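Hydrogens, waters and symmetry mates play no part in the numbers below; they use all other heavy atoms, side chains included. One-based numbering, in listed order, for ligands and for the atoms of each. Just so it is clear, the structure is predicted and the values come from calculations on it, not from any experiment.
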Amino acid sequence: MAENLNLFTSTQEVIKKALQKLGYDEGMYELLKEPLRMLEVRIPVKMDNGQVKVFTGYRAQHNDAVGPTKGGVRFHPNVSEEEVKALSMWMTLKAGIVDLPYGGGKGGVICDPRQMSMGELERLSRGYVRATSQIVGPTKDIPAPDVFTNAQIMAWMMDEYSRMDEFNSPGFITGKPIVLGGSLGRDKATAQGVTIVIEEAAKRRNIDIKDARIVIQGFGNAGSFLAKFMSDLGAKVVGISDAYGALYDPEGLDIDYLLDRRDSFGTVTTLFENTISNKELLELECDILVPAAIENQLTAENAHRIKASIVVEAANGPTTSEATKILNERGILLVPDVLASAGGVTVSYFEWVQNNQGYYWTEEEVNEKLLKKMVEAFDNVYTVATSRNIDMRLAAYMVGVRKTAEASRFRGWV
Ligand code: NAD
């Protein structure tokens with residue numbers, strides 16, 4: 001797909017710039033511009049009608065110099081080799097930014113889970129693990145949930161791996177149900193991380209969260225928990241949206257009421273008459289704008305009209321490179337996705353640590369450790385950006401890629 005190729009090449013471009021700024025030569029870029037390993041598999045699944053359907057799946061391992069690779073498995077009709085490759089590179093950056101002992105990995109299967117029965121999904125999930133078993137494992141590459149995969153799918157995958165391994169292997173995968181070794185706080189971790197990053201960014205811009213007006217695009221897992229956390233902190237969430245439209249109230253929306261009315265797909269605006277469009281939502285008068293839905297929302301076309309003084313990317317890739325440039329030139333503080341949404345992989349790491357030691361933490365302990373990681377990460381990126389006079393995205397890539405580059409050099413790979 002053209003936009004996925006774009007995602008891949010734009011990721012490569014920023015990695016190249018980041019390595020140059022860090023003083024690495026072309027050889028390091030040659031190593032890091034693509035995943036070290038990319039496995040393509042074909043997974044036969046017996047469908048409910050008795051016929052066998054063969055699905056194509058992927059697992060990319062960007063670089064394992066620092067430690068095992070880690071990243072989600074996506075079940076979606078648009079999964080492609082390029083997308084999986086680019087996303088594995090993003091995972092290296094995220095792990096580097098929050099300082100986890102991992103490299104980046106990612107997986108995907110081309111399928112539409114919305115059209116599949118639970119039995120078919122279970123057989124596909126188990127088939128994916130069997131097909132990739134040679135390269136995944138608790139000390140090699142640790143999968144997690146991603147688009148259209150969830151705790152139940154993680155449970156089937158963990159069970160399949162444990163059967164093959166003839167050993168109970170909870171550390172093979174994260175995002176599991178709590179009873180199978182999942183971590184408390186994992187479901188809210190991304191939004192929790194975005195909240196911490198918003199508070200840090202607001203401090204830098206002398207904005208008191210209690211006086212702040214916030215607009216959030218998307219009311220799914222990331223956006224809805226974020227709206228709740230923000231309103232609990234006393235901020236006014238003046239705008240939210242879903243795929244069908246947006247709601248606006250300059251006095252602040254009643255988030256608890258909206259959460260109560262929302263369906264399981266994150267849709268709530270269809271219940272109201274006075275809605276505005278997603279396009280209008282992004283240009284609302286506010287202090288903090290959080291795209292938490294899909295890619296390519298802030299573009300060269302609308303970046304000039306964004307009123308927020310802080311933009312925090314909870315979604316992956318919501319801002320095009322042209323828009324990044326415009327927002328930076330306008331002095332808007334743009335907190336990039338690889339930093340802002342790193343809370344999920346951070347608590348996934350905590351889950352793996354708890355599995356490995358067989359000792360489980362309270363939700364307060366998880367949140368306390370997450371807070372420390374995210375504050376440090378924001379601070380590191382912000383310091384690099386201001387001291388080098390570069391934008392936060394390039395600074396985040398520099399912080400993110402540094403550990404993997406150093407580890408690759410120490411190992412003598414470059
Ligand atoms: P989700 O599927 O739970 O929710 C998506 C929300 O976006 C829904 O409210 C949906 O109605 C809305 N939406 C869909 N299409 C839209 C459109 N065209 N315009 C406006 N809104 C639209 O997804 P999520 O888990 O909340 O993820 C949202 C973003 O955050 C994605 O980019 C995802 O990659 C990123 N992210 C999520 C996590 C996580 O842990 N959930 C972690 C890292 C990054």
Say whether, by atom type as modelled, one donor and one acceptor occur between the side chain of R330 and the main chain of H304 under 3.5 angstrom. yes
For ligand 1 and G218, I'd like to know whether there is a polar contact (N/O to N/O, distance under 3.5 Å). no
Under 3.5 Å between any N/O of N316 and any N/O of ligand 1: does that happen in this structure? yes
Do Y349 and Y102 have their ring centres less than 6.0 Å from each other? yes
Residues that T92 engages under side-chain contact (heavy atoms from CB on, under 4.5 Å), provided they are two or more places apart: H62, T404
For the residue pair K106 and W90, would you count it as a cation-pi contact if the rule is NZ or CZ under 6.0 angstrom from the ring centre and within 45 degrees of the ring axis? no
Looking only at protein heavy atoms, which one is nearest to atom 11 (O) of ligand 1, and what is the separation? A243 N, 3.0 Å
From atom 44 (C) of ligand 1, work out which of P145, G344, A314 has a heavy atom at the shortest distance. A314
So, is F219 polar-close to ligand 1, with some N/O to N/O distance under 3.5 Å? yes
Working for side-chain contact (heavy atoms from CB on, under 4.5 Å), residues V238 and E251: CA-CA 7 Å; V238 296; E251 296 309 315; over 6 Å; no
Close N or O approach (G220, ligand 1; < 3.5 Å): yes
Minimum-distance protein heavy atom relative to atom 26 (O) of ligand 1: A222 N, 2.8 Å
Please check atom 40 (O) of ligand 1 for a protein heavy-atom neighbour under 4.0 Å. yes
Between R262 and T267, do the side chains contain an N or O donor and an N or O acceptor separated by less than 3.5 Å? no
Tell me: protein heavy atom nearest atom 37 (C) of ligand 1, and distance? T190 CG2, 4.3 Å
Taking atom types as modelled, is there a side-chain donor on R59 or T132 under 3.5 Å from an acceptor on the other? no
Among protein heavy atoms, which sits nearest to atom 19 (N) of ligand 1, and what does the distance come to when rounded to 0.1 Å? N278 ND2, 3.5 Å
Please determine if D379 and R204 form a salt bridge, counting it only when a charged side-chain N lies under 4.0 Å from a carboxylate O. yes
I need the nearest protein heavy-atom contact for atom 29 (C) of ligand 1: residue, atom name and distance, please. A293 O, 3.4 Å
Near R42 CZ, under 6.0 Å, is it more than 12 heavy atoms from other residues, nucleotides or ligands? no
Contact atoms of ligand 1, heavy-atom distance to A315 under 4.0 Å: 29 (C), 30 (O), 32 (O), 35 (C)
What atoms in ligand 1 come closer than 4.0 Å to a heavy atom of A292? 28 (C), 29 (C)
Number the atoms of ligand 1 from 1 as they appear, then name those within less than 4.0 Å of a heavy atom of I294, with their elements. 15 (N), 17 (C), 18 (N)
When you check the gap from the basic side-chain N to the acidic O, do K307 and E283 get nearer than 4.0 Å? no
Heavy-atom nearest neighbour in the protein, as seen from atom 23 (O) of ligand 1, with distance rounded to 0.1 Å: N221 N, 4.4 Å
